[in-house]
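The structure displayed is predicted, hence computed values, not measured ones.
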Amino acid sequence: MRRIVIVGAGMAGGRAAIELRKRGFEGELVLVGAESHRPYDRPPLSKAVLSGRAHDTTLPLALDDVEVLTGRSATALTPGTVRTDAGPLDYDGLVVATGADPVTLPGDGPVRVLRTIDDALGLRAALRPGLRLVIVGAGWIGAEVATTAAQIGAEVTVVEAADTPLQVALGATVGARTVDWYARSGVKLRLGVSVERTTAEGLVLSGGELLAADEILVGIGARPNVGWLAGSGLALERGVVVDERLAARWEGVDGPPVVAVGDVAAWWSRRYGQRLRVEHWDTAQQSPTVAAATLLAAAGADGAAQDGAEPAIYDPVPYFWSDQFRRMVQFAGRWGAADELVWRGDPDEPDPSDGARAVGWSAGWFAPDGSLRALVTVGRPMDMAPARRLMLAGGGVDRTAFTDVNVTMKELVAAS
């Protein structure tokens, strides 16, 4: 390969450039992104940036030997050429890292999303005491923004179509344990409510009720940014279809090797026996390592099996975290309907009245065979690292001992 083009200049794209150089690629390396910014960190946007504690989250990536083209959008793809709004870019190898775009709502109301640093800075400028802010979606983003806005003094109302917050990620039983967090922070929470449209006056709910709002933030998910790949010949299905090594597939045409990383990659997981697409920091951070090896192996440059070893595959236990309502929430794994939910600590224990740190608890989902399939921790960060190692190994722990918070997770895993 003489020239590799990386489309998408977020963390995943920037990390891909670093990994390619780290693995010895000495040809031309072009990183092209639609935003005017160099790669930056997104998790702080709804936390430190929105609260004013940070203004710039640019990543300290060594990209001096990379041609970085910002403010340039990809518009189409053909085998060997990326079409952009500033002209074509030819390539011998391609990394797709275009991420995902937030879902919006119909209507002409004062709607915002929170996906970019410009989004965060714009919302921060609008927040003020007494601002009537309506947030659509009680997921990770909605809860984090509600936390910050309430601390600033805004009048916050969160509208959620499901019966509990975080229902998709954590299920109704665990999600219900977070309802009280909103009330204690002065945030109004409307559950089981659907939205019809936005207007200049606010948010119109199904049935016609109007929630007056000065600003509306929509946090109801995102869709992979693959519109520019329509008709390219790359296989698409809820993202760029890639195998367990993050290699994409051309259909009906021959083309140079392509890999996908980050939010846009729909990869095959051997661990779970299904195709996954995970929109979280850990995916953007870790997937480029495997993708770079796969892309260079396609050219015989790197990553090929040595001494009979199998080439690297991407098969993580999904992991993400959130800071909301004075609590650090972490989640890892994937749970199913057949799994048993086991509590570690009491999620219903009230917070201290003196304003001290909230009481922590965890909950695990155990498969019928006894293996730990997923874990959520609230204010118990020391539970997560050993549990993630355990889930990577496919093991389990004694369920009775799991409920005893006086036994550390490290000790539980060591005894398993």
(request) Could you go through the side-chain contact (heavy atoms from CB on, under 4.5 Å) check for V95 and V261 one step at a time? (result) CA-CA 7 Å; V95 180; V261 294; 3.9 Å; yes
(request) Before giving the answer on side-chain contact (heavy atoms from CB on, under 4.5 Å), spell out for D214 and L133 the whole-Å C-alpha distance, their side-chain angles and the decisive distance to 0.1 Å. (result) CA-CA 6 Å; D214 301 310; L133 174 65; over 6 Å; no
(request) Walk me through it: do R38 and T58 pass the test side chain to side chain donor-acceptor pair (under 3.5 Å)? (result) CA-CA 7 Å; R38 293 170 74 87; T58 301; over 6 Å; no
(request) For side-chain contact (heavy atoms from CB on, under 4.5 Å), just list the numbers for V329 and Q324, CA-CA rounded to whole Å, side-chain angles, deciding distance to a tenth of an Å, and then say yes or no. (result) CA-CA 7 Å; V329 183; Q324 52 184 269; 4.1 Å; yes
(request) Evaluate the side-chain contact (heavy atoms from CB on, under 4.5 Å) criterion for residues M409 and R344: first the C-alpha distance (whole Å), next the side-chain angles of each, then the deciding distance (0.1 Å), finally the verdict. (result) CA-CA 10 Å; M409 186 67 71; R344 179 169 165 82; 3.9 Å; yes
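In plain terms, the two heavy atoms of L234 and A248 that are nearest each other are CD2-CB, 4.0 Å. For P224 against V264, the heavy-atom pair with the smallest separation is CB-CG2, 4.2 Å. Nearest heavy atoms, W250 versus S232: CZ3-O, 3.2 Å. Nearest heavy atom pair, residue L189 against residue A138, reads CD1-CB, 4.3 Å. Here the shortest heavy-atom pairing between I152 and P129 reads O-CG, 3.5 Å. Taking each heavy atom of I18 and A62 in turn, the nearest pair found is CD1-O, 3.3 Å.
Residues E340 and W365 form no side-chain contact, since every pair of their non-hydrogen atoms from C-beta on lies 4.5 Å or further apart. For the pair V7/W228, a side-chain contact is recorded, criterion being any heavy-atom separation below 4.5 Å from C-beta on. Counting only heavy atoms from C-beta outward, the side chains of M382 and T377 never approach each other to under 4.5 Å. Within the 4.5 Å cutoff, no side-chain heavy atoms of R184 are placed close to those of R326. Counting heavy atoms from C-beta outward, L236 and V241 have side chains that stay 4.5 Å or more apart. E160 places none of its side-chain heavy atoms less than 4.5 Å from the side chain of Y182. Residues L94 and P257 fail the side-chain proximity criterion, which asks for heavy atoms closer than 4.5 Å. For the pair V407/V405, no side-chain contact is recorded, criterion being any heavy-atom separation below 4.5 Å from C-beta on.
A side-chain N or O of D383 and one of S362 form a donor-acceptor pair less than 3.5 Å apart. Between the side chains of Q286 and Y314, no donor N or O sits under 3.5 Å from an acceptor N or O. Between the side chains of S269 and R271, no donor-acceptor pair of N or O atoms lies under 3.5 Å. A donor-acceptor pair shorter than 3.5 Å can be found between the side chains of W281 and D41. There is no side-chain donor-acceptor pair under 3.5 Å between D85 and T75. Remark: the H37 side chain and the D118 side chain contain an N/O donor-acceptor pair separated by less than 3.5 Å.
Between D119 and R112 no salt bridge is recorded (no basic side-chain N to carboxylate O distance below 4.0 Å). Note on E201 versus R132: no salt bridge recorded, every NZ/NE/NH1/NH2 to OD/OE distance being 4.0 Å or above. Looking at R21 and E19, no side-chain N of the basic residue comes within less than 4.0 Å of a carboxylate O on the acidic one, giving no salt bridge. Look at E155 and K188 and you find no salt bridge, because none of the NZ, NE, NH1 or NH2 atoms lies under 4.0 Å from a carboxylate O.
The OG1 atom of T84 lies 8.0 Å from the CG atom of L69; values are rounded to the nearest 0.5 Å. Atoms OG1 and CG, on T148 and L50 in that order, are 5.0 Å from each other to the nearest 0.5 Å. Here the CG-CZ distance, from N225 to R115, works out to 9.5 Å after rounding to the nearest 0.5 Å. The CG atom of L29 sits 7.5 Å away from atom CG of L31, with the distance rounded to the nearest 0.5 Å. For the atom pair R334 CZ and D339 CG, the distance stands at 11.0 Å (nearest 0.5 Å). Within the model, atoms CZ of F331 and CG of L166 stand 10.5 Å from one another, a figure rounded to the nearest 0.5 Å.
Residue pairs meeting the salt bridge (Lys or Arg N to Asp or Glu O under 4.0 Å) criterion with at least one member in residues 134-149, sequence neighbours excluded, are K47-E144.
Counting only distance, with no hydrogens or angles, the side chain of R177 and the backbone of T173 share a donor-acceptor pair below 3.5 Å. Side-chain atoms of S371 never come within 3.5 Å of backbone atoms of A367 as a donor-acceptor pair (strictly under, hydrogens ignored). Side-chain atoms of S46 do not come within 3.5 Å of backbone N or O of V145 as any donor-acceptor pair. A donor-acceptor pair under 3.5 Å is absent between the side-chain atoms of R72 and the main chain of E35, judged by distance alone. Side chain of R275 to backbone of V242: a donor-acceptor contact under 3.5 angstrom is found. In this structure, T81 contributes its side chain and L89 its backbone to no donor-acceptor pair below 3.5 Å. In this structure, the side chain of Q167 engages the main chain of T164 through a donor-acceptor pair within 3.5 Å. The closest donor-acceptor contact from the side chain of R83 to the backbone of A74 lies at 3.5 Å or more, if one exists at all. Distance alone, capped at 3.5 Å, places no donor-acceptor pair between the S287 side chain and the A284 backbone.
Within 6.0 Å of the CZ atom in R124, the count of heavy atoms belonging to other residues, nucleotides or ligands exceeds 12.
Annotation: cation-pi pair R388/Y319 present, NZ/CZ under 6.0 Å from the ring centroid and within 45° of its normal.
Relative ring orientation between F320 and H280 is described as parallel, the plane-to-plane angle staying below 30° on a 0-90° scale split at 30° and 60°.
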